[in-house]
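The chains referred to below are lettered A, B, ... by the order of the sequence lines, with proteins before strands, and numbering in each begins at 1. A quick note: this is a predicted structure, and the numbers were derived from the prediction, not measured.
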There are 2 protein chains.
Amino acid sequence: MPRAGLTPQTVVREAAVLADEVGHDRLTLAALAARLGVALPSLYKHVRGVDALHQKLAVLATAEIATELTTAAAGRAGGDALRATATAFREYARRHPGRYPATQRAPDPDDPEHLAAAERAVGAIYAILRGYDLAGDAAVDATRMFRAAVHGFITLEAAGGFGLPRDIDRSFDEMVAALDTAYRNWRSR
Amino acid sequence: MPRAGLTPQTVVREAAVLADEVGHDRLTLAALAARLGVALPSLYKHVRGVDALHQKLAVLATAEIATELTTAAAGRAGGDALRATATAFREYARRHPGRYPATQRAPDPDDPEHLAAAERAVGAIYAILRGYDLAGDAAVDATRMFRAAVHGFITLEAAGGFGLPRDIDRSFDEMVAALDTAYRNWRSR
DNA sequence: CGGCGAAAGCTAAGGGGGTTAGCTTTATGG
DNA sequence: CCATAAAGCTAACCCCCTTAGCTTTCGCCG
């Protein structure tokens with residue numbers, strides 16, 4: 001019988017695809033093994049277990065997000081960069097509904113790759129705020145607000161938490177505009 | 001052998017306590033049954049299954065949050081009400097780390113109690129925005145922003161997503177102040 | 001007061017996912 | 001060409017959820 005030729009890489013990448021298809025909560029070793037044409041315990045040759053799989057998925061997704069945020073911000077500044085970055089963030093979550101929730105775990109302090117990815121993602125946001133003359137604690141606070149608002153919006157939207165008929169895209173645009181307003185007036189309040 | 005005297009009410013209430021103790025993801029029928037001194041299948045006399053339990057927990061938590069938000073806003077207006085409500089929201093989540101995540105599922109359209117609780121919670125926020133002269137679509141957008149920002153902050157904080165040493169309470173206060181700024185300037189931008 | 005019915009609780013059984021142990025087989029490099 | 005490390009497998013076990021069907025308790029009504 002031929003060998004499947006798996007590696008930790010391919011396993012995690014396929015897990016990402018599967019998660020996007022069936023949802024983060026239904027990403028299961030059983031389903032993943034079936035999809036890879038392999039018996040379930042064979043996966044343990046590449047991944048420590050289901051928890052480690054989710055962890056690795058978090059790293060993958062965080063790295064992807066970091067890249068997309070950085071790309072979105074490139075060549076833009078101020079409100080322009082803010083809008084582009086927020087939109088890129090939300091669209092990644094919509095495009096990858098299974099990977100995105102994996103992001104919600106704290107970065108593993110023992111995984112340099114994870115830490116680097118997280119720092120890259122936060123750094124992309126942090127950089128934008130220089131366009132608003134924010135630095136130091138203010139920049140940290142503003143970054144946290146950006147992450148909270150966009151992440152919160154994404155998860156509420158994904159959960160179907162917005163009941164009223166008002167168009168959600170419009171609400172998102174308004175929120176980003178309001179963030180811009182808040183950032184422009186951050187120091188004078 | 002004496003009877004435990006359970007009801008759907010008591011089961012859900014105990015589930016809430018258990019969830020707060022062990023975490024939302026480890027709220028399990030097995031643990032709940034053990035805690036109630038009952039065999040696992042007996043729970044099915046009171047709850048349809050594990051999913052229904054989480055659903056009912058969502059209703060409970062949403063109703064509790066609605067009450068706390070309403071209470072916090074009572075007798076206050078403007079930025080004062082905003083701060084009080086946001087703080088009440090966050091503190092509920094900190095005080096009930098197991099119940100709060102249960103809230104993240106969409107309200108069951110067939111459960112009037114759930115719908116009422118959700119509407120009450122959103123209404124409490126919506127009401128605050130009248131103090132900023134916001135109404136109609138603008139009020140809806142502003143409400144969504146409030147929910148997104150506060151909910152996002154809560155989940156990021158709970159997940160340990162804020163890595164930097166900067167004090168998290170301060171960041172939260174700053175975010176609420178920034179929301180206030182955004183709301184005060186909502187129409188003129 | 002006695003018994004009848006509804007409901008509470010139980011045991012048994014089966015399904016699915018995760019994990020470990022230990023074996024077989026494949027590929028690779030000396 | 002063969003030795004060894006790694007890939008993959010089977011078997012077995014655990015935990016949790018769910019359903020079926022039985023027993024027992026409680027409350028009510030004759």
Residues from residues 48-55 of chain A sitting under 4.0 Å of DNA chain C, heavy atoms only?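 Only A:G49, A:V50 qualify.
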Residues of residues 11-29 of chain B with any non-hydrogen atom less than 4.0 angstrom from an atom of DNA chain C: list those, numerically ordered, please. none
Enumerate the ring pair (Phe, Tyr, Trp, His ring centres under 6.0 Å) contacts for residues 162-189 of chain A, please, sequence neighbours excluded, ordered by first and then second residue. A:Y132-A:Y183, A:F153-A:F162, A:F153-A:F172, A:Y183-A:W186
Pairs satisfying ring pair (Phe, Tyr, Trp, His ring centres under 6.0 Å), at least one member in residues 78-103 of chain B, at least two apart: B:Y92-B:H96, B:Y100-B:H151
Enter the inter-axis angle for the ends of the helix from C:dC1-D:dG30 to C:dG30-D:dC1 (five pairs per end, rounded to 10°). 10°
When you look at A:D111 and A:L115, which way does the side-chain contact (heavy atoms from CB on, under 4.5 Å) test go after all the steps? CA-CA 6 Å; A:D111 183 349; A:L115 290 176; 5.9 Å; no
Protein-nucleic acid N or O pairs under 3.5 Å, nucleotides 12-15 of chain D:
none

To the nearest angstrom, the CG-C1' distance between B:L40 and C:dA12 comes to 14 Å
Quick one: OG1 on A:T70 to CD1 on A:I65, what's the gap to the nearest 0.5 Å? 11.5 Å
Separation of A:L179 CG from A:T85 OG1 (nearest 0.5 Å):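 One gets 11.5 Å once the value is rounded to the nearest 0.5 Å.
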Residue pair [X] / [Y], side-chain heavy-atom distance below 4.5 Å:
X	Y	answer
A:R76	A:L82	no
B:D141	A:M175	no
B:R90	B:D169	yes
A:P8	A:V47	no

For DNA chain D, the residues among residues 31-39 of chain A that have a non-hydrogen atom under 4.0 Å from it: A:V38, A:A39
Listed by chain and number, what are the salt bridge (Lys or Arg N to Asp or Glu O under 4.0 Å) partners of A:D137, not counting sequence neighbours?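 A:D137 satisfies salt bridge (Lys or Arg N to Asp or Glu O under 4.0 Å) with B:R166 once adjacent residues are dropped.
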Any residue meeting ring-ring contact (aromatic ring centres under 6.0 Å, His included) with B:H46, in chain and number order, not counting sequence neighbours: none
Does one side chain, of B:T181 or A:N185, offer a donor that lies under 3.5 Å from an acceptor on the other?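 Distance-only check fails for B:T181 and A:N185.
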Could you run down the sub-3.5 Å N/O contacts of the protein with nucleotides 4-7 of chain D?
residue, atom, partner, partner atom, Å
D:dA7, O4', A:R3, NH1, 2.6
D:dA7, N7, A:K45, NZ, 3.4

Assess whether salt bridge (charged side-chain N to carboxylate O under 4.0 Å, His left out) is satisfied between A:E174 and B:R144, documenting all intermediate values. CA-CA 10 Å; A:E174 290 293 310; B:R144 288 177 173 175; over 6 Å; no
N/O donor to acceptor pairs below 3.5 angstrom from side-chain atoms of residues 51-59 of chain B, sequence neighbours left out:
residue, atom, partner, partner atom, Å
B:D51, OD1, B:R105, NH2, 3.3
B:H54, ND1, B:V50, O, 3.0
B:Q55, OE1, B:R105, NH1, 2.7
B:Q55, NE2, B:H114, ND1, 3.0

Tell me whether the count of non-hydrogen atoms from other residues, nucleotides or ligands lying under 6.0 Å of CD in A:Q104 goes above 12.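 Enclosed.
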Run the side chain to side chain donor-acceptor pair (under 3.5 Å) check on B:R120 and B:T62 step by step: do they pass? CA-CA 9 Å; B:R120 210 154 51 85; B:T62 303; over 6 Å; no
Show the atom names and distances, to 0.1 Å, of all donor-acceptor pairs under 3.5 Å that link a side chain in residues 31-38 of chain A to residues at least two apart or in another chain.
residue, atom, partner, partner atom, Å
A:R35, NE, A:E14, OE2, 2.5
A:R35, NH1, A:E21, OE1, 3.4
A:R35, NH2, A:E21, OE1, 3.4
A:R35, NH2, A:E21, OE2, 2.9

